Amino acid sequence: MGIREFPNGTARGKTITIGMRRSPDVSPRRLSDISPQLRQLKYLVVDEAIKEDLKWSRSVEDLTSASVGLTSIEERILRITGYYGYQPWAASYKRDEHSRESPAPAEAQMQAGVEGGGRGNHCCWKCSVTQLKKFFWGVAVVLGVCSSWSGSTQLAKLTFKKFDAPFTLTWFATNWNFLFFPLYYIGHVFKSTEKQSPKQRYRECCRFFGDNGLTMKVFFTKAAPFGVLWTLTNYLYLHAIKKINTTDVSVLFCCNKAFVFLLSWIVLRDRFMGVRIVAAILAIAGIVMMTYADGFHSHSVIGIALVVGSASMSALYKVLFKLLLGSAKFGEAALFLSVLSVFNVLFITCIPVILYFTKVEYWSSFDVIPWGNLCGFSILLLTFNILLNFGIAITYPTLISLGIVLSVPVNAIVDHYTSEIVFNSVRVIAIVIIGLGFLLLLLPEEWDVWLMKLLTRLKVRKKEEIPEGNGDIVSGLQSKSRRTRPSMSSFAH
């Protein structure tokens, strides 16, 4: 339509150029003013020569695709007539100029890609080395946690054959917690660039207890309850070792992870996770099956109850710590554990004395006490607590927790050769169920999101591999058909 408005003497290319650069001043103000021409748009035929002259124009493409309905009629008219300064020719001209100014964008992209790839490879190498180092440290920490925990359990069992005093052993081992803060300060002196005196470091770590530091009120309200829970946890665990074998004790103590989740969900209002509920159910089922493994004898039932009580006290300790004190840094945690030993010396010392004079925990003379076993147990327990509290600085927390569950097979092997334990089917199933529940509790909160991402990536890779395989098959068939097809030159001769 815009082509036929001009005289016959005007060239077609020029006609289109004038029509496209029409000034907005001369153009109609409304599309309804050219409604007859809009109706005739679908009958408009553009010659091939004009299409060749305007091959870079989007307007011709829109005209040819009018029957398909890719763009609206109003938009096509605006592009053809140049309403309100709309000139697609100018955009294409700018694109051409831009392509002339940068004649080799592929080379620039390749150079930038090489530079960026070099930096990315260097960064990936650094990350991989760091993660590898963290993993190897994690393996060392796992072995340390496993050996110290199983070693302390076996040594306590051996000690009770000569020195039947679990509470006195608990009191003696807890006193060694006083070494936490001195050991931390030694590490701080060697590692930190800004050296502080012990008094300065102590005052800085005391801020964990509040603005006023460690006062008597804070000591009795925030430290004393945890001192009681610490003593109960260790005493019930050691007393259970007297009643049942160390394998059952170690595997039942793994249930404390499930108790921590349940208490956190109730008290701290943590996120509800179905998989952790399943893990808690598995832990409870394992406890019941472990009780059934020995036929519900009073001796084994008491031992299992003691271990479950120890796991419950441990879970309550962790949840209350998070509720009342929050999270602690390494120095603050070291000071807190040292304060627990002070509480143990000041207020718990009277209990072993009372048990001695009442002959509940009695020994004939101090020469009979196996001091080597007591000191060995205390050192192993101190090592276990150090790795458990400070191992997170050098490795992943999940690996540290694995050390506890790995102590179960170690204790099982030792019990198999040193005691008369019977690994019947019920006991084995109970151990497996509790271990599975413990491993489920180690899953992160967003494990389902990670799993969905992994499955999506695997599906995408499979879809990419299938077309490549089909392409190889097709190319092979084509090459085979070329080889088998007779040439025309053979017929010519």
Side-chain angles (χ1 to χ4, degrees), residues 144-179 230-253 294 297-311 313-314 340-341 344-345 348-387 404 407-423:
V145 170
C146 177
S147 58
S148 61
W149 185 238
S150 57
S152 62
T153 303
Q154 293 295 332
L155 193 56
K157 185 81 171 179
L158 187 62
T159 304
F160 291 146
K161 294 179 180 179
K162 302 177 182 178
F163 183 70
D164 189 8
F167 196 92
T168 304
L169 182 59
T170 302
W171 171 84
F172 182 80
T174 305
N175 291 335
W176 287 63
N177 283 0
F178 186 79
L179 297 175
W230 180 281
T231 303
L232 286 175
T233 300
N234 289 278
Y235 169 69
L236 293 175
Y237 184 85
L238 292 176
H239 196 70
I241 292 175
K242 288 177 54 182
K243 302 291 184 181
I244 55 179
N245 55 76
T246 56
T247 303
D248 295 350
V249 172
S250 58
V251 72
L252 288 170
F253 190 77
D294 287 332
H297 297 300
S298 60
H299 205 66
S300 62
V301 169
I302 293 173
I304 291 171
L306 289 171
V307 184
V308 173
S310 174
M313 293 297 106
S314 174
L340 292 186
S341 69
N344 185 72
V345 171
I348 307 296
T349 306
C350 59
I351 298 178
V353 175
I354 295 172
L355 294 176
Y356 175 79
F357 285 108
T358 56
K359 294 188 178 181
V360 176
E361 292 186 359
Y362 181 77
W363 55 93
S364 57
S365 64
F366 285 95
D367 296 333
V368 182
I369 299 175
W371 292 105
N373 290 357
L374 265 66
C375 293
F377 171 79
S378 303
I379 292 172
L380 287 173
L381 193 61
L382 179 67
T383 305
F384 171 76
N385 287 313
I386 288 174
L387 293 174
I404 300 174
S407 65
V408 176
V410 174
N411 287 321
I413 294 172
V414 175
D415 284 347
H416 178 71
Y417 290 103
T418 59
S419 64
E420 298 178 355
I421 185 173
V422 178
F423 288 101

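Here, residue 1 is the first one in the sequence, and each next residue gets the next number. Computed from a predicted model, the values in this text were never measured in an experiment.
- Applying the side chain to side chain donor-acceptor pair (under 3.5 Å) criterion to S314, with sequence neighbours excluded, gives N256.
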Could you tabulate the donor-acceptor pairs under 3.5 Å formed by side-chain atoms of residues 158-165, not counting sequence neighbours?
unit_1	atom_1	unit_2	atom_2	d
T159	OG1	L155	O	2.6
D164	OD1	K242	NZ	2.7
D164	OD2	K242	NZ	3.4

Side-chain donor/acceptor pairs under 3.5 Å, residues 353-361, sequence neighbours excluded:
unit_1	atom_1	unit_2	atom_2	d
T358	OG1	I354	O	2.7
T358	OG1	L355	O	3.2
E361	OE1	T168	N	3.1
E361	OE1	T168	OG1	2.8
E361	OE2	F167	N	2.9

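- V410 meets the side-chain contact (heavy atoms from CB on, under 4.5 Å) test with C146, S150; sequence neighbours excluded.
- Atom CG of residue D415 and atom OG1 of residue T247 lie 3.5 Å apart, to the nearest 0.5 angstrom.
- Panel note: side chain S310, backbone T233; a donor-acceptor pair is recorded below 3.5 Å.
- For K157, the side-chain contact (heavy atoms from CB on, under 4.5 Å) partners two or more places apart in sequence, or in a different chain, are I241, T246.
- Considering OG of S152 and CG of L169, their distance stands at 10.0 Å, rounded to 0.5 Å.
- Taking the side chain to side chain donor-acceptor pair (under 3.5 Å) definition, one finds that T418 meets it with nothing, sequence neighbours left out.
- In terms of heavy atoms, K243 sits closest to G303 at CB-CA, 3.7 Å.
- Residue pairs that meet the salt bridge (Lys or Arg N to Asp or Glu O under 4.0 Å) test with at least one member in residues 374-383, sequence neighbours left out, do not exist here.
- At least one side-chain heavy atom of N177 sits under 4.5 Å from a side-chain heavy atom of W230.
- Going from atom CD1 of I404 over to atom CZ of F384 covers 4.5 Å, rounded to the nearest 0.5 Å.
- Y237 and T170 share no donor-acceptor pair across their side chains, judged by distance under 3.5 Å alone.
- Judged as a side chain to side chain donor-acceptor pair (under 3.5 Å), and not counting sequence neighbours, the contacts of N411 are Q154, S250.
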Which pairs would a plain distance check flag for residues 366-381, meaning a side-chain donor or acceptor within less than 3.5 Å of a matching protein atom at least two apart in sequence or in another chain?
unit_1	atom_1	unit_2	atom_2	d
W371	NE1	F366	O	3.3
S378	OG	L374	O	2.8

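- Evaluated for a side-chain contact (heavy atoms from CB on, under 4.5 Å) with I304, the options V308, V307, V301 yield exactly one hit, V308.
- Between I351 and Y235 the shortest side-chain heavy-atom distance does not fall below 4.5 Å.
- Residues satisfying the side chain to side chain donor-acceptor pair (under 3.5 Å) test with N245, not counting sequence neighbours, are D248.
- Between the CG atom of L306 and the CD1 atom of I302 there is a distance of 7.5 Å, given to the nearest 0.5 Å.
- Listed for the N344 side chain is no donor-acceptor partner under 3.5 Å among the backbone atoms of T174.
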